[in-house]
Every structure is written in C-alpha cells, then in structure tokens.
Amino acid sequence: APPGKQGYDPDEDGTDEIGPTARIVHDTGNTVYMLDAADGSVLWDAQSDLSPSSMTSSFPADVVPVDRNNNGYVDLLYAADVGGRVWRFDISETATSRSNFATGGVIADINTSSTDGIAGNRRFYNHPDVSYITNASTPYILISIGSGYRAHPLSTDTTDYQLLLKDPYGLSVPGSYGTPLTISDLMAWSAQNAEDSVHGWYLQGSQRLR
C-alpha cells in the first residue's frame with residue numbers, strides 16, 4: 001500500500017487573526033501510516049510503532065516516497081509537519097513485522113517558538129521536494145521546502161524561510177537520527193562563502209533566488 005497521511009488539525013488555525021503564538025500539540029493528523037489497500041487495515045503507524053516523542057504536530061501534505069537503491073520498491077520516506085519539522089523514515093526490505101519495518105526521526109526542526117516566540121513559530125504546509133546531488137565530493141539528498149502559515153497567509157508575525165537542507169544521512173540508513181538540523185546550522189543563501197555550507201541554506205521570505 002502507498003504511504004498515507006492522516007491530515008490537518010484545525011486547531012492550528014487558532015481562534016483569532018494571529019493564531020497560536022507557539023508550537024502546539026495536535027491530537028489529529030499527528031502520524032504517518034500505511035494501509036492495506038484491500039481492506040483498509042493499518043499495516044504500519046509511525047506514532048505507535050516507532051513512538052517518537054516529538055511526533056506531536058499534524059502532517060497536512062503528502063508523504064514523499066523514494067526508491068533509494070533503484071530496485072522498484074520504496075524504502076525511504078520524507079514528510080513535513082506544521083510544527084516546522086522534517087521527518088525521515090527508512091524502510092527495511094527484510095522486515096518480518098511492524099516492529100522492525102522502519103526506523104525514523106526528525107532530521108530538521110526550524111521552529112524556534114520556544115526561544116523566539118511568534119517570530120519563530122514556523123510551519124510546513126507543503127511536502128518537501130527532494131533531489132539526489134551527485135556532483136559533490138560526497139553525494140547527498142537535498143531537501144527543498146518553504147515555511148509559512150496557510151491559515152493566515154497575510155500574517156507577517158513569523159519570520160519564514162525557503163530552505164535547502166542537506167540530509168546528513170544521504171542514501172545510507174542511519175544507526176540513529178541524532179540531533180535535527182536547525183536554522184543556526186544553515187547558511188544564508190546570499191553569504192559570500194555560501195558554497196561552503198555543510199548543512200544547507202536558508203532564504204528569508206522577503207528575498208528571492210537570483
């Protein structure tokens with residue numbers, strides 16, 4: 001069965017023109033799962049089978065499947081949530097049960113509302129675009145995604161970015177998912193030495209690529 005999504009929690013819309021001023025916990029749409037196409041039964045659920053403590057935000061956009069070894073089977077998933085996190089899930093082709101079907105975790109978190117208040121309350125409503133970059137000394141997966149607040153698109157309270165993130169694990173299956181990338185790990189696209197960025201780049205919402 002194809003990867004699925006549970007949807008969007010309307011609590012993120014808020015009750016006024018500003019909306020939540022910091023990242024909140026959702027009780028709807030806060031997982032990624034797979035269904036049996038024949039009978040609708042749940043084959044795998046990231047929240048219950050992996051139990052990541054940070055899976056507290058809804059996933060409003062499509063999950064992005066990747067065939068990492070080009071054998072015709074999906075073995076890598078990317079997903080983004082409205083809490084400003086980018087997730088990666090690695091699927092085992094030799095799994096025998098739900099418990100060892102996949103590993104996963106947050107590889108980037110750009111929501112800084114806990115320290116920067118509403119200016120840092122960044123959200124992802126769109127799915128990431130991924131590319132495999134081979135013209136580098138070490139090939140890597142590049143993730144392109146932009147933050148924003150679709151429920152209040154004219155709001156300027158949050159400082160949003162277009163991001164180009166280098167997946168630190170590339171095509172390899174990580175033993176653990178470590179510390180997620182943050183804004184401070186990235187380099188401004190316009191920086192003089194931008195090409196030297198190890199983890200990727202950011203472009204503030206009012207700017208544009210040239």
- For Y149 and D160, run side-chain hydrogen bond (donor to acceptor under 3.5 Å, both in side chains): C-alpha distance rounded to whole Å, both residues' side-chain angles, the deciding distance at 0.1 Å, then the answer. CA-CA 9 Å; Y149 194 9; D160 285 303; over 6 Å; no
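- Atom CD of Q192 has 12 or fewer neighbouring heavy atoms from other residues, nucleotides or ligands inside a 6.0 Å radius.
- With contacts defined as side-chain heavy-atom distances shorter than 4.5 Å, the pair R88/L76 qualifies.
- Annotation for Y73: atom OH does not count as buried by contact number, only 12 or fewer foreign heavy atoms lying within 6.0 Å.
- Relative ring orientation between Y8 and Y125 is described as tilted, the plane-to-plane angle lying within the 30° to 60° band.
- Two residues are said to be in side-chain contact when any heavy atoms from C-beta on lie closer than 4.5 Å; L50 and W44 meet this criterion.
- Residues passing the side-chain hydrogen bond (donor to acceptor under 3.5 Å, both in side chains) test with Y140: none are found, sequence neighbours excluded.
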- Task: Tell me, with the steps shown, if D81 and N30 meet side-chain hydrogen bond (donor to acceptor under 3.5 Å, both in side chains).
- Result: CA-CA 8 Å; D81 67 32; N30 55 355; over 6 Å; no
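- Applying the side-chain hydrogen bond (donor to acceptor under 3.5 Å, both in side chains) rule to S54 yields no partners; only residues at least two apart in sequence or on another chain are considered.
- Considering only heavy atoms from C-beta on, N193 comes within 4.5 Å of M187 through its side chain.
- Residues F124 and F59 keep their aromatic ring centres 6.0 Å or farther apart.
- Considering only heavy atoms from C-beta on, T158 comes within 4.5 Å of R123 through its side chain.
- Between W201 and E195, the shortest heavy-atom contact is NE1-N, 4.5 Å.
- Looking at P139 and Y132, their side chains come closer than 4.5 Å, going by heavy atoms from C-beta outward.
- Looking at Y202 and L186, their side chains come closer than 4.5 Å, going by heavy atoms from C-beta outward.
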